[in-house]
Asks: 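My questions all concern the structure below.
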Amino acid sequence: MNELSPVPLLSAKTRRFLESSHRLLIYDQWLEAKSGKTLDIFDPSTEQKIATVPAGGEKDIDKAVKAARTAFENGPWTQLGATVRADLMLKLADLVDENAELFSEIEVVNNGMPMNPGGAFAASRAARILRYFAGWTTKITGETFPSDPPAPDIERVIITRREPVGVAGQIIPWNFPLGMTAMKLGPALAAGCTVVLKPDEKTPLSALLLGRLIEQAGFPEGVVNIVPGLGKQAGAALAAHADVDKIAFTGSTEVGKKIVKVAAGNLKKVTLELGGKSPFIVFPDADLEIVIPMAVRMGFFLQSQNCSCPSRIYVHKDVVDRVIDGMVTETRALKIGPGLDPETNIGPLITAGQLERAQSFIESGKAEGAELVTGGNVLNRPGHFMEPAIFVDTRPDMRIVREEIFGPVLSVQSFDGDGIDDIIAQANDTPYGLAASVWTQDISRAMRVAYKIKAGEVGINVHGIPDSIAPFGGYKQSGWGRENGAEGLEPYLQTKTIWAHI
Ligand code: NAP
Ligand code: MG
C-alpha cells in the first residue's frame, strides 16, 4: 500500500485503517472477491487513492446470500431472544460511538463531506439510529382477535405473529454512507432478518469498519454480510437474487426502476428511497433572519448531494429581492475546501462525473435563460470543487427546475398573491415528492400548505429530515415505503395468522 498518498491531516488511527487490508465480510470470513478484482477508493478533495477494496461480483453476492440464508434458517440468530438481539445492537451502537473520530475522518476523506456539518456527527447519528431500532426488538407484537365459538364446546383462537421476512439485500448510496447504512441495518436487525449489504462502490469504507465492529460486538456469523462492488454487478445481482426476500435501495429514481424490474423474478419485497426536487416556500411574513441562512445551509448541505435538498426555492415577490441578496451574500462567504479543514463549509463533489453533471446544469440554466447570480465556477485545484451556484428568474419548464441535480445549484423564483393555490400547484409540479418546507408565521397557512403538498415530509419553519423516530420516504417517484420510525420496521416483518379450535 506504499503507493497510497499520505493524507497529512488524518489521525494515525485512520491512516492505519485506510492502509489495512480490506475484504468482503461473508459469514465469519474476510475474503477477496472471487474474481480477484479490486476497486480503488479515492479522496474526492485530492483525487488521491486512499484505499483498495475487493470488487464483489455475482459469485460473491451468491455466496453472501447463502451465508445470510444459513444464518437465518439454521444459525443461532433466530433462536436468540429479542432482548439478546437488542443487547447486541446496543453494544454495536456503543462501539460506533467509541470509534466516532475514526468514522468521522473516514466519512470525510471518502465522501468529501465537511467535518461540520456532516462528518463530525456521522457516528453519533448512526449510533442513535441503532439504539432507536434496538428498542423496537422487544416491542414487535401480534394481536388476539375476538371470535365466536364455532360450536358450543369449542373455542376459536385467532392470533397474529410478526415474523422477519428473511434475507434482506440492502444497497447503500454514497452521499451519507454511515448514516444510510445504519438506517437500513437498524430495522432489519431489530426485525430478526439477516442481511447482505452492498455499500456504494465509491464509499465502502465506513461500512467495512462497521463490519469489524459487528464482529467485535458478537453478532453470530452470517447475520450481516458486506460485499462492496459495482452497482451494475454486485448491486444488480443482489436485487435479482432468487433467494433474497427483500431489497432496500437508496439512490436514483432511474436505478430504482431497474431494481423493481429485476426484483419481480421472485417477487421480493421492495422499498425505495429515491430522488427529490424539494420545494422551499417563503411567505412574506416569514422570519428572514432564519430563512436566509437555512436556505443556504440546507440548500448546500453535503454540496447539495442529499435527497431532501431544497433545490427549488419559491419566495413571495414582496420579499424575493431581500432573500436573494441575503442568500448571495451568505453563499459567497462559504469557505470551499477539503472536509478535514475545520473551516470548510463546502467540500468537493464525490466524483469528476458528478462535478460534470452539476456543470451541465449550470450550462443548461444559462442556455435556457435563467440568471446565474453567484457561483458555478470549477475551482482550479485538485479535487472536484465548484462554487455553490444560485439561479434566479427561472421558469417551471427549465431543466434546473425540473431535474434532480445532486450538486450545488439552487434556483430561486418568486410567486405572487395572498392565496396558496398557485404556489401549491407550482410546488407539486414535479414527478418527485420527497420533502418540502414552508416558511411563515401564520400557522393556519402553514398547515394548509403542509396538507396540500404531495411529499412524504413537510417542514414548517424547518427543512431537512427529522430524527430516526419519524417515518421518512417519498410520494410519487421519490420512492416506495418508509424508512425510520415504526413504519421503517414494517418492510422487514410479515404477519402470520394462526388460528386454533381448542
Ligand atoms: P445510482 O446510480 O442510483 O446508485 C445508487 C446505488 O445503486 C449505488 O450503490 C450503485 O452502485 C447502485 N446501483 C447502480 N446501478 C445499479 C443496478 N443496476 N442495480 C443495483 N444497484 C445499482 O446513483 P449514483 O450514480 O450514485 O448517482 C446518480 C444520481 O442518483 C445522483 O445525481 C442523484 O440524483 C441520485 N442519487 C440519489 C440519492 C438519494 O439519496 N436519493 C443517493 C445517491 C444518488 P455503484 O455506485 O457501485 O454503481
Ligand atoms: Mg450510478
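Counting starts at 1 for both ligands and their atoms, in listed order. Quantities reported herein were computed from a predicted structural model and do not represent experimental measurements.
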Asks: Could you go through K268 and D243, starting from their C-alpha distance and side-chain angles, then the distance that decides it, and tell me whether this counts as salt bridge (charged side-chain N to carboxylate O under 4.0 Å, His left out)?
Replies: CA-CA 9 Å; K268 58 175 69 66; D243 204 28; over 6 Å; no
Asks: Taking the six-membered ring for Trp, is the centroid-to-centroid distance between F406 and W174 below 6.0 Å?
Replies: yes
Asks: Do any N/O atoms on I259 end up under 3.5 angstrom from N/O atoms on ligand 1?
Replies: no
Asks: Below the 3.5 angstrom mark, is there an N/O of T250, backbone or side chain, next to an N/O of ligand 1?
Replies: no
Asks: Is the shortest distance from a heavy atom of K198 to ligand 1 less than 4.0 Å?
Replies: yes
Asks: One thing to verify: whether D341 and K335 come together as a salt bridge, which I'm taking to mean a side-chain N less than 4.0 angstrom from a carboxylate O.
Replies: yes
Asks: Any N/O of K258 closer than 3.5 Å to an N/O of ligand 1?
Replies: no
Asks: Closer than 4.0 Å to some heavy atom of L230 - which atoms of ligand 1 meet that?
Replies: 47 (O)
Asks: Can you check whether H463 and F301 have ring centres sitting under 6.0 Å from each other?
Replies: no
Asks: Would you confirm whether the ring centroid of F280 sits within less than 6.0 angstrom of the ring centroid of W439?
Replies: yes
Asks: Do V255 and ligand 1 have an N or O pair less than 3.5 Å apart?
Replies: no
Asks: Are any of the N/O atoms on G231, whether in the backbone or the side chain, positioned under 3.5 angstrom from an N/O atom of ligand 1?
Replies: yes
Asks: Would you mind running through ligand 1 and noting each atom that sits below 4.0 Å from a heavy atom of P173?
Replies: 42 (C), 43 (C)
Asks: Do K246 and Y492 meet the cation-pi criteria used here (NZ or CZ under 6.0 Å from the six-membered ring centre, within 45° of the axis)?
Replies: yes
Asks: Does a sphere of radius 6.0 Å around CZ in R23 hold more than 12 heavy atoms from other residues, nucleotides or ligands, not counting ones at 6.0 Å or beyond?
Replies: yes
Asks: Given that the side chain starts at C-beta and the backbone is N, CA, C, O, which of these parts of D200 lies under 4.0 Å from ligand 1, counting heavy atoms, or is it both or neither?
Replies: both
